[in-house]
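A short write-up of the structure that comes next.
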Amino acid sequence: MASFKSLPGFRDFYPEDLAPRTHLFRQWRQSAHAFGFQEYDAPVLESLDLYKAKSGDEIEGQLFNFTDKGEREVTLRPEMTPTVCRMVGAKANALKRPIKWFSIADLFRYERMQKGRGRCFAQFNADIFGEAGPEAEIELISLLIQCLRGMGLQSEDFHVRLSDRNLWFYYLEARGLGDEQVKAMLGAIDKFERLGEDAFEIYTKTHGAMSDDLKSAVLRMLAIKSLADLEAVVAELDNAQLTERLDDWRKVLGGLDAMGLSDFVSVDLGVVRGLAYYTGFVFEAFDRKGDLRALAGGGRYNDLVKKLGGPELPAVGFAIGDMTMELLLRERGLLPDVASRPDVYVVVGGAEERLEAFRDIAALRAVGYRVDYPMKDLGFGKQFKNATESGARIALIYGGDELAKGVVKLRDLSQREEVDVPREQVAEAVRDFLSG
RNA sequence: GCGGCCAUAGCUCAGUUGGUUAGAGCACUAGAUUGUGAUUCUAGGGGUCGCGGGUUCGAAUCCCGUUGGCCGCCCCA
């Protein structure tokens with residue numbers, strides 16, 4: 001019995017497990033390239049301080065961190081954003097704007113296993129740096145939608161809930177709430193969907209009871225479902241900041257509408273996202289049915305590059321996780337069979353024929369065909385069985401009779417028909433068959 | 001960090017009130033089959049029954065602990 005296993009929360013990827021993941025990565029990469037994003041990567045191990053600087057000391061409890069042999073406090077990266085901010089910050093003056101970058105990376109969090117959550121998972125990350133206007137949001141949200149549509153998901157399957165922390169700040173400040181009060185209220189709003197009005201205890205616990213007026217104002221915002229609803233609420237208030245902010249909303253929603261993506265976007269101010277480094281629009285993608293975790297999340301974080309030691313640099317980004325994504329696609333039957341299979345399976349009569357076959361096998365492989373053959377001398381029956389099970393469409397038969405005549409047999413494994421092909425025309429015959 | 005359920009072959013699972021050498025199907029390997037593949041038949045490999053302790057003449061079975069898994073809570077960058 002195997003005495004070594006993978007560590008708790010980590011997954012082995014046997015070929016049948018790796019295939020779906022490869023499919024996700026390929027689709028994501030294709031979408032990102034279609035949008036003009038460039039791929040980057042970075043070390044898996046980072047300085048612990050990078051994350052403490054971003055998220056505070058409490059974060060350490062959820063990290064895979066340790067002290068290395070040089071007495072450095074290090075950690076496996078739990079997210080990509082600080083890394084990309086560090087990289088962009090270091091070269092910000094030399095990079096052409098806007099900076100549109102993406103990565104597909106393994107991330108590590110020291111947490112309890114749960115459905116759609118493990119200690120090592122992969123994320124697709126996309127970020128735009130150097131563009132402060134809502135055009136960056138349009139580009140990123142449309143990329144997010146494309147990343148999910150590329151998997152075969154439609155607007156009936158998922159939607160992107162769009163919200164705005166600035167709107168909440170302006171709205172609550174206009175009602176006399178201070179900075180700390182607003183943050184506490186955003187914490188409550190984040191929990192509102194699950195807890196209902198009990199969520200307001202997060203606010204009342206430290207800032208005292210809410211007036212009926214304040215509570216109904218918050219509930220009014222949470223009830224907003226469309227740009228028209230939002231415009232109506234703002235119109236009543238006659239507040240310059242809110243009115244100005246509404247223009248950004250019109251740009252984002254108008255741009256996405258012009259791209260034909262309205263059906264994928266919901267206005268929903270109940271999304272504010274956990275840690276408070278987001279500075280404007282925030283958004284999350286969800287399965288419309290089911291009760292899976294968020295498929296993706298992101299938003300604007302204009303202060304983070306500077307906070308991590310770089311220059312002032314506005315930024316928007318989002319991430320899609322592989323585990324929830326794969327659960328959803330599996331549920332919907334959208335994981336294609338992408339097992340690696342040969343184009344050609346070679347059947348050989350014996351030791352001499354094997355050497356003859358090797359010549360053609362090498363030539364076919366050199367021009368890119370996937371070719372497999374049995375390593376041991378087997379009876380023809382067994383070889384044909386192997387050929388079928390390999391998934392190859394054709395078998396090439398190198399028997400003594402054929403080689404004596406200067407031909408090989410090309411067998412169509414699904415039709416069970418074969419033709420003789422002169423040795424020197426094998427490559428052409430294979431090409432014609434597979435392209436025909 | 002907390003709680004619920006679970007643990008027998010690679011997988012899915014049987015295993016009687018505790019009883020002698022722990023089984024089946026699937027999968028894998030080989031043979032029947034020395035030139036034609038999805039059927040069939042036969043054989044084989046593979047288990048310290050998650051691990052440790054206890055009760056007992058005797059434990060896969062009962063008790064305790066522990067590790068791991070699944071699910072949920074906290075958290076979710």
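Hydrogens, waters and symmetry mates play no part in the numbers below; they use all other heavy atoms, side chains included. If you're wondering where the values come from, they're calculated on a predicted model, not measured in any experiment. To find a chain, count down the sequence lines: A is the first, B the second, and so on, and within it residues start at 1.
Side-chain N/O atoms of A/Arg411 include none lying less than 4.0 angstrom from OP1 or OP2 on B/G37.
Of the possible polar contacts, none joining the A/Arg273 side chain to the A/Gly299 backbone as a donor-acceptor pair under 3.5 Å is found. No donor-acceptor pair closer than 3.5 Å links the side chain of A/Glu402 to the backbone N or O of A/Val407. Not one N or O on the side chain of A/Glu284 forms a donor-acceptor pair closer than 3.5 Å with the backbone of A/Leu295. Not a single donor-acceptor pair under 3.5 Å links the side chain of A/Arg161 to the backbone N or O of A/Phe286.
Shown here, B/C2 forms a base pair with B/G72; the pair counts as Watson-Crick or G-U wobble because both key distances fall under 3.5 Å. Partner assigned to B/G25 is B/C11, using Watson-Crick or G-U wobble distances below 3.5 angstrom. In this structure B/C62 sits in a base pair with B/G54, meeting the Watson-Crick or G-U test at under 3.5 Å.
Residue ring and base: A/Phe380 does not count as stacked with B/U36 (centre distance below 5.5 Å and interplanar angle below 30° not both satisfied).
The side chain of A/Lys409 lies closest to B/G35, out of B/A77, B/G35, B/C76. When each of B/C2, B/G69, B/G37 is scored by its nearest atom to the side-chain atoms of A/Phe384, the top-ranked nucleotide is B/G37. Of the candidates B/G37, B/A77, B/C70, B/C70 carries the atom nearest the A/Met113 side chain, counting heavy atoms from C-beta on. The side chain of A/Asp401 lies closest to B/G35 when the candidates are B/G35, B/G37, B/C76. The side chain of A/Ile397 lies closest to B/U36, out of B/A77, B/U36, B/G1. Residue A/Glu111 places its side chain closer to B/C75 than to any other of B/U36, B/C71, B/C75. Ranking B/G31, B/C74, B/C75 by closeness to the A/Gln114 side chain, first place goes to B/C74.
With no hydrogens or angles considered, no side-chain donor-acceptor pair links A/Ser103 and A/Glu39 at under 3.5 Å.
At a threshold of 4.0 angstrom between heavy atoms, the contacts of A/Gly61 with the nucleic acid are absent. At the heavy-atom level, A/Gly9 lies under 4.0 Å from the strands shown only through sugar-phosphate atoms. Within the 4.0 angstrom heavy-atom criterion, base atoms lie near A/Gln62. At a threshold of 4.0 angstrom between heavy atoms, the contacts of A/Gly379 with the nucleic acid are absent. At the heavy-atom level, A/Lys191 lies under 4.0 Å from the strands shown only through sugar-phosphate atoms. Counting non-hydrogen atoms under 4.0 angstrom, A/Pro78 reaches a base of the nucleic acid. Nucleic acid contact class of A/Arg194 (heavy atoms, under 4.0 Å, all strands): sugar-phosphate only. Within the nucleic acid shown, A/Glu58 has no heavy atom closer than 4.0 Å to any nucleic acid atom. Counting any heavy atom pair closer than 4.0 Å across all strands shown, A/Leu413 reaches a base atom.
The six-membered or imidazole ring of A/Phe358 lies near that of A/Tyr373, with a centre-to-centre distance under 6.0 Å.
Distance A/Glu418 CD to B/G37 P: 11 Å, rounded to the nearest Å.
Checked by distance alone, A/Arg117 brings a side-chain donor or acceptor within 3.5 Å of a matching partner on the base of B/C75.
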